[in-house]
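Some notes on the structure that comes next.
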2 protein chains.
Amino acid sequence: MPVFHSSAGEAALLDTEAATSRTERRDQQVARILDAAKTCFVRSGFQGASMQQICSEVGMSPGALYRYFPSKEAIIEAITEADRRRDAEIFSVLTLGGDVVDGFVAAAMAHIRYMHESGNAPLFAEIRAESMRNDAIDFACKMSMKDVDDSFRSFLRGAVDRGEIDPCADLDTILPVMVAFGEGLAINDLPAQGVDFERLEVVIRAIATAVLRPTGRSTAS
Amino acid sequence: MPVFHSSAGEAALLDTEAATSRTERRDQQVARILDAAKTCFVRSGFQGASMQQICSEVGMSPGALYRYFPSKEAIIEAITEADRRRDAEIFSVLTLGGDVVDGFVAAAMAHIRYMHESGNAPLFAEIRAESMRNDAIDFACKMSMKDVDDSFRSFLRGAVDRGEIDPCADLDTILPVMVAFGEGLAINDLPAQGVDFERLEVVIRAIATAVLRPTGRSTAS
DNA sequence: GATTTATGCGAATGATCATTCTCAATTTAT
DNA sequence: ATAAATTGAGAATGATCATTCGCATAAATC
């Protein structure tokens, strides 16, 4: 007994679930699948989770699920892309305006906070492990990282040009190091280990200051 | 046609492969299996690699392989423990003697160099991802990390007591941050991405100095 | 030399895997 | 109203999975 509930024409406009056009409903189903798949992947890993488990989690038959994704690999790729994109957004928003070190610290803390609250650390660890052997996943990671890298690079290069900072090394070294640092913080979720946010910020600020060496000529307070 | 080559009694003492007692031969087989399994796990992940693939890699039948390990899980645990132990050794050896910052930087660089040369980054990423959902693996990671943590803690606390350094925050914050940093560097293998070792050391030294805040009262040069 | 034990092979096992197929119900288009 | 297209269920598919079994051979012990 299928469940194609409600909405026979215009009457459904009064439903709490708003108007569901063909494509809207499809997008909702895709979202439901990705959400359930993420749950399964966090629980068992990309390879460990089975399509049957994902089907159970969504409440959908295999035949139905395959109407939305052509393969398990496609689901993994979609989840990876969505996760990396959301993760990159945390950075891109916070690199603009304000003091260089402040921006750096704010971005780092926002990232730490997001990772802690979303509970996405296991998913990130899984994605990163998969990226070491799966070219499609590696590509997705590199793509989203390139955006972050570009933002940070222009952000920092601008500060260097304006004489606000005098980095302890070239940006081609500092940026990969900071990315690595961020990834380490991401998979470790220090707040979950009992590390205090404020003490954490003190250490991160010290690190940012040491690496960027602000000259005191900053335009911001 | 089994392959129980050579060594019928004492004659084997002249073999190039030295004397192989019962337990010695067994240890060699175990080592061969772990080596082959590691290859497979790096290639396909813990869940992605099959026992048949491991058998092919070792050149051994399933029946024979199961004489040495009771399950796939047992192999994964053995590999994890060996990898974490070897990784921890890199640190424990280098925390003693010399200037505090020098020791810190030396340990970090040794770790980076080891990760780069051993090519163990993918295995580490896999182990870390698995540790998020497998309690046995998580335990193994925490155990080996505890040794490193203890070494560093006593090392740094001693320096603090002697007035050599004045950390920018308490050790309970600095240590987790440094561990996270190290893990980030481990999975990223920056030298493989073209980052120069010497420039890398400059940045790491700046970070170590900033976090530890040496007072100049160091006993070493 | 005979017996016990350790080690090996390779086929077999039942479970589970990703995916496909058939068909029914529903929605949209005509 | 009717036809076409979409979406669903659920059984079936063949492959592959981790693991086991029976049996043969080699080594160790007696």
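Quick note on labels: first sequence line is chain A, next is B, and so on, each numbered from 1. Quick caveat: nothing in here was measured; it's all calculated off a predicted structure.
When only modelled atom types and interatomic distance are considered, R26(A) and Q29(A) share no side-chain donor-acceptor pair under 3.5 Å. Of the N and O atoms on the side chains of T80(B) and D83(B), not one donor lies less than 3.5 Å from an acceptor on the other residue.
As rounded to whole Å, 12 Å separates atom P of dA26(D) from atom CZ of R25(B). If you take OH of Y66(B) and P of dG22(D), they are 17 Å apart, rounded to a whole angstrom. For the pair Y68(B) OH and dA18(D) P, the interatomic distance rounds to 20 Å; values are reported in whole Å. The CE-P distance, from M60(B) to dT7(C), rounds to 10 Å in whole Å. In this structure, the CG atom of L65(B) is 10 Å from the P atom of dT19(D), given to the nearest Å. Atom CE of M51(B) and atom C1' of dT13(C) are 16 Å apart (whole Å). As rounded to whole Å, 11 Å separates atom C1' of dT16(C) from atom NZ of K72(A). Rounded to whole Å, atom C1' of dC21(C) lies 10 Å from atom CZ of R67(A).
Contacts of A74(B) with the nucleic acid, taken as non-hydrogen atoms under 4.0 Å apart, are absent. Nucleic acid contact class of Q52(B) (heavy atoms, under 4.0 Å, all strands): base.
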- Going through the distances and angles, do I187(B) and R128(A) end up as a side-chain contact (heavy atoms from CB on, under 4.5 Å)? CA-CA 8 Å; I187(B) 66 175; R128(A) 212 58 186 68; 3.9 Å; yes
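Salt-bridge annotation for D35(B) and K38(B): absent, with no side-chain N of the basic residue lying under 4.0 Å from a carboxylate O of the acidic one. A salt bridge is defined here as a Lys NZ or Arg NE, NH1 or NH2 lying under 4.0 Å from an Asp or Glu carboxylate O, and E130(B) with R133(B) meets this definition.
Taking only side-chain nitrogens and oxygens, S50(B) comes nearer than 4.0 Å to OP1 or OP2 of dC17(D). In terms of phosphate contacts, R26(B) brings no side-chain nitrogen or oxygen within less than 4.0 Å of OP1 or OP2 of dT5(C). In terms of phosphate contacts, R22(B) brings no side-chain nitrogen or oxygen within less than 4.0 Å of OP1 or OP2 of dA6(C). The phosphate of dG8(C) (OP1 or OP2) has a side-chain N or O of Q29(B) nearer than 4.0 angstrom.
With the nearest nucleotide of DNA chain C identified for both A64(B) and Q47(A), A64(B) has the one nearer the 5' end. Taking for each of G63(A) and G63(B) the nucleotide of DNA chain D with the nearest heavy atom, the 5'-most of the two is the partner of G63(A).
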